[in-house]
Amino acid sequence: MPKDIDPKTTPHHVAIIMDGNGRWAQQRGRPRLFGHHAGARRVREIVEACPDLGVKYLTIFAFSTENWKRTQTEVAGLMTLFRKYLEREAKDLFEAGVCVRFIGDRVRLDDKLVSLMDELELLTADNDRVHLTVALNYGGRDEVTRAAKRLAYEIEQGRLTHDDVDAETLSKFLDTHVLPDPDLVIRTSGEARISNFLLWQSAYAEYEFVNTLWPDFTRDEFAKVLVNFGGRARRFGAVPA
Ligand code: IPE
Ligand code: IPE
Ligand code: MG
């Protein structure tokens, strides 16, 4: 662990909105997909840095429920990239001790991609070195809506009553039910918004907006953001003693 990282204050769960691939490509006069490929290569470095930096859970935003609004070329290119990425990286992720999970609605994703996601989850289920969650066709509102729908169904079936509905029960119906809440949410590319990412789970997360475009976000910059996090006072609504 680098000397300026304090295991007592390092975030347990970091979530990243990997933004800026399109602008990175544009700056180089290349098509947007060129940026997505560069962005995908950056993921490995950040995942590999986690155990060293004391981060146990890493969640990355790869494709939002709103990203379908992009051109057919970009959407299709991204879907192919996700498929190829999973095929290529599965073995290394497994061997690196990474436990991989996916959140988001799988219904709209193609069967081949979904079966690769299922296989990778199964293959890496017993790994515990770092827990990587990939948000694919993920939207916070969509996730909460799907959870509410399933909760309503349980009530309709008589397995729960309306009195059982509280924050803890609702959380159990979210895609993230096995994950701790994120301590830190990082967004690259200078945009200061959350774009429907982990709306429920980030209630008390710290936010860090960095100007770097995702394909340029290095392990060193990641470490700097974590050091910065260590200096923050988290109060969770209370007055410190
Ligand atoms: C983030 O980069 C990746 C995805 C949303 C899939 P963008 O594609 O949003 O890049 P910019 O914001 O246009 O630069
Ligand atoms: C958020 O980035 C989604 C991902 C990084 C996958 P966007 O680029 O889609 O968000 P907006 O449109 O700028 O809010
Ligand atoms: Mg963007």
Side-chain angles (χ1 to χ4, degrees), residues 13-47 57-89 100-110 113-114 116-117 120 132-146 174-176 179 182 184-202 205-218 221-222 225:
H13 182 179
V14 178
I16 306 184
I17 302 172
M18 310 183 289
D19 198 16
N21 296 348
R23 279 163 281 173
W24 187 89
Q26 207 169 19
Q27 284 172 0
R28 287 156 181 79
R30 303 293 299 268
R32 296 178 56 84
L33 268 168
F34 181 71
H36 294 314
H37 282 269
R41 282 193 296 277
R42 196 49 88 176
V43 171
R44 180 192 278 241
E45 178 180 337
I46 299 302
V47 175
Y57 289 85
L58 177 73
T59 298
I60 54 175
F61 203 2
F63 192 87
S64 78
T65 46
E66 288 73 40
N67 287 147
W68 299 103
K69 294 177 193 164
R70 298 186 177 197
T71 64
Q72 209 267 333
T73 312
E74 182 168 355
V75 170
L78 278 165
M79 294 301 150
T80 305
L81 170 63
F82 296 144
R83 258 195 335 264
K84 294 221 164 105
Y85 188 85
L86 297 187
E87 278 166 351
R88 196 176 63 226
E89 301 285 321
V100 186
R101 297 183 180 88
F102 295 90
I103 55 171
D105 190 358
R106 297 178 190 206
V107 170
R108 208 174 159 182
L109 300 174
D110 83 47
L113 178 58
V114 173
L116 286 167
M117 290 157 64
L120 188 55
L132 171 68
T133 302
V134 184
L136 237 175
N137 192 24
Y138 175 87
R141 286 187 174 178
D142 176 68
E143 180 193 33
V144 174
T145 307
R146 283 187 285 108
L174 296 173
D175 299 346
T176 52
L179 304 176
L184 171 67
V185 178
I186 302 170
R187 183 174 187 143
T188 57
S189 91
E191 309 294 352
R193 56 175 169 266
I194 57 174
S195 302
N196 208 4
F197 190 44
L198 301 177
L199 295 181
W200 171 282
Q201 299 85 344
S202 300
E206 297 294 322
Y207 281 90
E208 187 84 42
F209 299 101
V210 301
N211 288 329
T212 311
L213 303 175
W214 173 253
D216 291 329
F217 190 71
T218 59
E221 190 167 3
F222 185 42
V225 174

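If you're wondering where the values come from, they're calculated on a predicted model, not measured in any experiment. Order of listing sets the numbers, starting from 1, for every ligand and every atom in it. Residues: numbered from 1 along the sequence shown.
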Which pairs of N or O atoms, one from ligand 1 and one from the protein, are separated by less than 3.5 Å, and what is the distance for each pair?
{"unit_1": "ligand 1", "atom_1": "2 (O)", "unit_2": "D19", "atom_2": "OD1", "d": "3.4"}
{"unit_1": "ligand 1", "atom_1": "2 (O)", "unit_2": "G20", "atom_2": "N", "d": "3.3"}
{"unit_1": "ligand 1", "atom_1": "2 (O)", "unit_2": "N21", "atom_2": "N", "d": "3.3"}
{"unit_1": "ligand 1", "atom_1": "8 (O)", "unit_2": "R32", "atom_2": "NH2", "d": "2.8"}
{"unit_1": "ligand 1", "atom_1": "8 (O)", "unit_2": "R70", "atom_2": "NH1", "d": "2.7"}
{"unit_1": "ligand 1", "atom_1": "9 (O)", "unit_2": "D19", "atom_2": "OD1", "d": "2.9"}
{"unit_1": "ligand 1", "atom_1": "9 (O)", "unit_2": "R70", "atom_2": "NH2", "d": "2.9"}
{"unit_1": "ligand 1", "atom_1": "10 (O)", "unit_2": "G20", "atom_2": "N", "d": "3.4"}
{"unit_1": "ligand 1", "atom_1": "10 (O)", "unit_2": "N21", "atom_2": "N", "d": "3.2"}
{"unit_1": "ligand 1", "atom_1": "10 (O)", "unit_2": "G22", "atom_2": "N", "d": "2.9"}
{"unit_1": "ligand 1", "atom_1": "12 (O)", "unit_2": "D19", "atom_2": "OD1", "d": "2.8"}
{"unit_1": "ligand 1", "atom_1": "12 (O)", "unit_2": "R23", "atom_2": "NH2", "d": "2.8"}
{"unit_1": "ligand 1", "atom_1": "13 (O)", "unit_2": "R32", "atom_2": "NH1", "d": "3.1"}
{"unit_1": "ligand 1", "atom_1": "13 (O)", "unit_2": "R32", "atom_2": "NH2", "d": "2.9"}
{"unit_1": "ligand 1", "atom_1": "14 (O)", "unit_2": "G22", "atom_2": "N", "d": "3.3"}
{"unit_1": "ligand 1", "atom_1": "14 (O)", "unit_2": "R23", "atom_2": "N", "d": "2.8"}
{"unit_1": "ligand 1", "atom_1": "14 (O)", "unit_2": "R23", "atom_2": "NE", "d": "2.7"}

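Taking the ring centre of W24 as origin, the terminal cationic atom of R28 falls inside the region bounded by 6.0 Å and 45° from the ring axis. Cation-pi geometry between R42 and W214 is not satisfied (NZ or CZ under 6.0 Å from the ring centre, within 45° of the ring normal).
Checking T145 against D142 by side-chain atom types alone, no donor-acceptor pair falls below 3.5 Å.
In this structure, S64 contributes its side chain and N67 its backbone to a donor-acceptor pair below 3.5 Å. The backbone N or O of G35 lies less than 3.5 Å from no partner atom in the side chain of R30, so there is not a single donor-acceptor pair.
The shortest heavy-atom distance from R187 to ligand 2 is under 4.0 Å.
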> Given R83 and D110, is the salt bridge (charged side-chain N to carboxylate O under 4.0 Å, His left out) satisfied, shown in steps?
Replying inline: CA-CA 10 Å; R83 258 195 335 264; D110 83 47; 3.1 Å; yes
> When you look at T65 and R141, which way does the side chain to side chain contact (heavy atoms under 4.5 Å, CB included) test go after all the steps?
Replying inline: CA-CA 9 Å; T65 46; R141 286 187 174 178; over 6 Å; no
> After noting the C-alpha distance and the side-chain angles of E89 and R41, does the key distance pass the salt bridge (charged side-chain N to carboxylate O under 4.0 Å, His left out) rule?
Replying inline: CA-CA 10 Å; E89 301 285 321; R41 282 193 296 277; over 6 Å; no
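Taking a cut-off of 2.8 Å, the protein N, O or S atoms nearer than that to the Mg ion (ligand 3) are D19 OD1.
Taking every heavy atom of R193 and a limit of under 4.0 angstrom, the matching atoms of ligand 2 come to 11 (P), 13 (O), 14 (O).
Two residues are said to be in side-chain contact when any heavy atoms from C-beta on lie closer than 4.5 Å; L58 and I16 meet this criterion.
Screening Y207, F209, F197 against R187 for a side chain to side chain contact (heavy atoms under 4.5 Å, CB included) leaves a single residue, F209.
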